[in-house]
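Everything below concerns the one structure shown next.
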Amino acid sequence: MGSSRAAGRPECSAGRPSASASVTSPDHEVRRLTEEGYSVALLDGMLVISHVPYVRAAGSVGRADLLVPLAMQGGRVVAPREHQAWWTGTAPKEADGGPLKGVSIQHVARACVAGMPPAMMLCGRIRGREFRDHLEFVATYVALLGAPAAALDPRATACTRRRPLPMATDVGPFAYVDTASSRAALGAVTVIPPTPQLPV
């Protein structure tokens, strides 16, 4: 099922939590991922991980965005409660062109974050248990997507060490980030069919 690959090959090394932000704040989750080398933003209640490498149907290496719902309760970040992520690329493949193992793919794409391409849902209890935190969630999915790409191009990595995109801090009249919409992929309302990806 590909679980051993994802569990044994984290895309980035584990780092220390930052002491400059509350460990239960959205800022802290973004900072942790940034310190690991990911290009990350928090938009519409989603952690958006950019430049994630994967193998496209044609056998070439492409890059797309991984969207992970930020789990919060009472204004505090909690461990992820679900296993679904969202993916703005085309259906990811193994290095030999076969379907990506270890995850189910919902091929109907929908708008999850305003201003971003439509995304398809990825789902799989990859580790056979709940994720401890969002860093483990992201690292596991990125390793699953990126391992076939690294087999074709060893330079392919999501740890680009780029400057993170600005966080969306306008949360309206609420005192905490709205994550209910992101769990239902309702950050943008319109459901959009899949569209061909331009070459990266």
Side-chain angles (χ1 to χ4, degrees), residues 1-15 29-43 46-69 80 83-110 112-113 115-128 131 133-165 194-200:
M1 290 284 294
S3 59
S4 60
R5 178 183 63 201
R9 292 187 57 188
E11 179 69 16
C12 303
S13 61
E29 295 299 294
V30 171
R31 182 167 287 116
R32 287 186 71 196
L33 290 161
T34 301
E35 288 173 351
E36 293 302 312
Y38 295 109
S39 178
V40 58
L42 178 60
L43 303 171
M46 293 274 196
L47 292 166
V48 179
I49 314 301
S50 301
H51 313 295
V52 178
Y54 73 108
V55 176
R56 295 180 285 203
S60 60
V61 174
R63 291 180 180 270
D65 299 327
L66 179 70
L67 313 181
V68 175
H83 304 91
Q84 295 90 349
W86 299 83
W87 177 244
T88 64
T90 56
K93 303 293 184 180
E94 294 287 346
D96 62 4
L100 186 66
K101 299 180 178 69
V103 64
S104 63
I105 302 170
Q106 186 180 83
H107 292 273
V108 178
R110 66 177 64 194
C112 297
V113 175
M116 292 192 66
M120 64 183 69
M121 187 176 73
L122 308 178
C123 183
R125 185 167 292 194
I126 300 168
R127 291 184 177 269
F131 291 109
D133 52 33
H134 293 85
L135 178 58
E136 184 182 54
F137 191 128
V138 168
T140 301
Y141 267 95
V142 166
L144 185 73
L145 291 159
L152 299 178
D153 180 359
R155 299 168 300 175
T157 176
C159 297
T160 57
R161 299 290 179 185
R162 298 173 187 266
R163 183 182 298 276
L165 297 172
T195 54
Q197 291 290 113
L198 296 175
V200 176

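Since the structure is predicted, the reported quantities are computational estimates derived from the model, not experimental observations.
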Using every non-hydrogen atom in the two residues, find where [X] and [Y] come nearest and quote the distance to one decimal.
X: Leu67; Y: Cys112; value: CD1-CB, 3.9 Å
X: Val52; Y: Ala158; value: CA-CB, 4.1 Å
X: Thr88; Y: Ala64; value: OG1-CB, 3.5 Å
X: Gly89; Y: Met120; value: O-CE, 3.4 Å
X: Phe137; Y: Pro80; value: CD1-CB, 3.7 Å
X: Pro69; Y: Met46; value: N-SD, 3.6 Å

Side chains of [X] and [Y]: does their closest heavy-atom pair fall under 4.5 Å?
X: Val142; Y: Tyr38; value: yes
X: Leu122; Y: Tyr141; value: yes
X: Ile105; Y: His107; value: yes
X: Glu94; Y: Leu100; value: yes
X: Glu29; Y: Leu42; value: no

Which value, rounded to the nearest 0.5 Å, describes the distance between [X] atom [atom1] and [Y] atom [atom2]?
X: Arg32; Y: Leu135; atom1: CZ; atom2: CG; value: 4.5 Å
X: Leu33; Y: Ile49; atom1: CG; atom2: CD1; value: 5.0 Å
X: Ser60; Y: Tyr54; atom1: OG; atom2: OH; value: 8.0 Å

- Give the ring-plane orientation class for Phe131 versus His83, where under 30° counts as parallel, over 60° as perpendicular and anything between as tilted.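 Answer is tilted, since the angle falls between 30° and 60°.
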- Task: Could you tell me whether a side-chain N or O of Arg63 sits under 3.5 Å from a main-chain N or O of Thr157, the two making a donor and an acceptor?
- Result: yes
- Query: Is there a donor-acceptor pair under 3.5 Å between the side chain of Gln84 and the backbone N or O of Met121?
  - Reply: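 Not confirmed, Gln84 side chain does not pair with Met121 backbone.
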- Val113/Asp65 under side-chain contact (heavy atoms from CB on, under 4.5 Å): CA gap, chis, key distance, verdict: CA-CA 11 Å; Val113 175; Asp65 299 327; over 6 Å; no
